[in-house]
There are 2 protein chains.
Amino acid sequence: MSKDQPTSGSRLGRRNDPERREKIIQACLQVIAEVGVTGTSHRKVAAQAGVPLGAMTYYFDGMQDLLHSAFSELATRVSDDFERLMDTATDKQSACEKVYERILQASSGYDDELVLSHELYTLATREPAFRTITSEWMRRSRVSLERHFDPLTARLLDATIEGVTIHRALDAQPRDPEEIRAAIARVTGVPSFSS
Amino acid sequence: MSKDQPTSGSRLGRRNDPERREKIIQACLQVIAEVGVTGTSHRKVAAQAGVPLGAMTYYFDGMQDLLHSAFSELATRVSDDFERLMDTATDKQSACEKVYERILQASSGYDDELVLSHELYTLATREPAFRTITSEWMRRSRVSLERHFDPLTARLLDATIEGVTIHRALDAQPRDPEEIRAAIARVTGVPSFSS
DNA sequence: GACATTTGAGTACACTCGTACATATACTTT
DNA sequence: AAAGTATATGTACGAGTGTACTCAAATGTC
């Protein structure tokens, strides 16, 4: 789907920044976080990345390809982070604690990751190409949770994280963090986790 | 925020369709469902509604106002439906059953409501004006659930509905409906509901 | 050093957009 | 019937868009 990275290696020259493609992707995510997919344009991304407009169509096959590349990158980064987080837990109890902290952080204040994931979801509900990204995201999330929970519980917990995070983020009035603990306790059946 | 509906009544004349404003709102939701907020324009909405372009700025104070009106309408409609659905339940058990059916329906196949709610969430993560709509939506949803569950359970169940629906909808591979039952059973503590 | 080839940049074009505004239409009042 | 007014519409404008395409620059090869 995406244009190949221009051939690198000893035989072919690349003059300027060899990480230009990556720089554009990061700039794109930043622009999306600020103004949404709706407000994203080649020109804004180019300006943010500090590259000429022509580079947009040079490195990517149009806007769709750019968005797809950017969200793929995002999904990978977030999945990596979550995997690492779950790996630091030693048992069910501490895994619950990590999940709790993650929800608390993601749902409070302005978090780019939350905004970006919603933008992705919106694209995914309409276009299958983006649904492969969300599918893989969820799969990896599930796998990370399965290090500590049985498959069914992992799925339910994964969905719960999603729901609680969204409801906390989109409610105008602040919510009691204890709700998070209660949700995790009920879904995982780790009673000692609720207070 | 929104332009007032042009005065109606016996004293002032209105030539064409007296429900024009409403017609535009419905057309707007339809267009959003098809091409997303990103792809929505005054011209497309006007064409869909069968009204002249000039009517867009006549009935609404610009695009933002149109979107806000449209999503307010959506939220009200969906909340009404859910309220009615919960009122038909007679006890916890049947309330769980209704919730189950609702998740199953919303998350399977193409449902405009799902697409539209995501578009709204995306706007809400960025703009407070839209967050008042999501807040009210969630509040009403909670109230409906509180007819059968205690406040905390109602909140948790509300979030669970959200999470499970999203994960079912955005996963490329189909999921076992039993997951829904399991989620509801664990969150509500109605054991007989899980099979 | 000279040539060939690839990489990257700037520009221009065709198009869509939101919105303001002048104008026309239908209704109410006199 | 005439005048006046509120309602609705068509149009035009300036801004911003994606992308194709031309050409300069830098590198690899001889």
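Each chain gets a letter, A, B and so on, in the order the sequences are listed, and its residues count up from 1.
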Please list, for nucleotides 17-22 of chain C, all pairs of protein and nucleotide N/O atoms separated by less than 3.5 Å.
| unit_1 | atom_1 | unit_2 | atom_2 | d |
| --- | --- | --- | --- | --- |
| C:dC17 | OP1 | B:Ser41 | OG | 3.3 |
| C:dG18 | OP1 | B:His42 | N | 3.2 |
| C:dG18 | OP2 | B:His42 | N | 2.9 |
| C:dG18 | N7 | B:Arg43 | NH1 | 2.7 |
| C:dG18 | O6 | B:Arg43 | NH2 | 2.9 |
| C:dT19 | OP2 | B:Met63 | N | 3.1 |

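- Partners of B:Thr160 under the side-chain contact (heavy atoms from CB on, under 4.5 Å) rule, at least two apart in sequence or in another chain, are B:Val164, B:Ala183, B:Val187.
- Listed by first and then second residue, the side chain to side chain donor-acceptor pair (under 3.5 Å) pairs that reach into residues 40-56 of chain B are B:Gln30-B:Gln48, sequence neighbours excluded.
- Side-chain N/O atoms of A:Tyr58 include none lying less than 4.0 angstrom from OP1 or OP2 on D:dT19.
- For D:dA8, the OP1/OP2 oxygens have no side-chain nitrogen or oxygen of B:Arg21 closer than 4.0 Å.
- Residues satisfying the side-chain contact (heavy atoms from CB on, under 4.5 Å) criterion with B:Thr76, sequence neighbours excluded, are B:Asp80, B:Arg140.
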Can you give me every donor-acceptor pair (side chain of residues 145-152 of chain A, partner residue at least two apart or in another chain, under 3.5 Å) with its distance?
| unit_1 | atom_1 | unit_2 | atom_2 | d |
| --- | --- | --- | --- | --- |
| A:Arg147 | NE | A:Asp87 | OD1 | 2.8 |
| A:His148 | NE2 | A:Met86 | O | 2.8 |
| A:Asp150 | OD1 | A:Thr153 | OG1 | 2.6 |
| A:Asp150 | OD2 | A:Leu152 | N | 3.3 |
| A:Asp150 | OD2 | A:Thr153 | N | 3.1 |
| A:Asp150 | OD2 | A:Thr153 | OG1 | 3.3 |

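- Under the side-chain contact (heavy atoms from CB on, under 4.5 Å) criterion, A:Ala169 pairs with A:Leu114, sequence neighbours left out.
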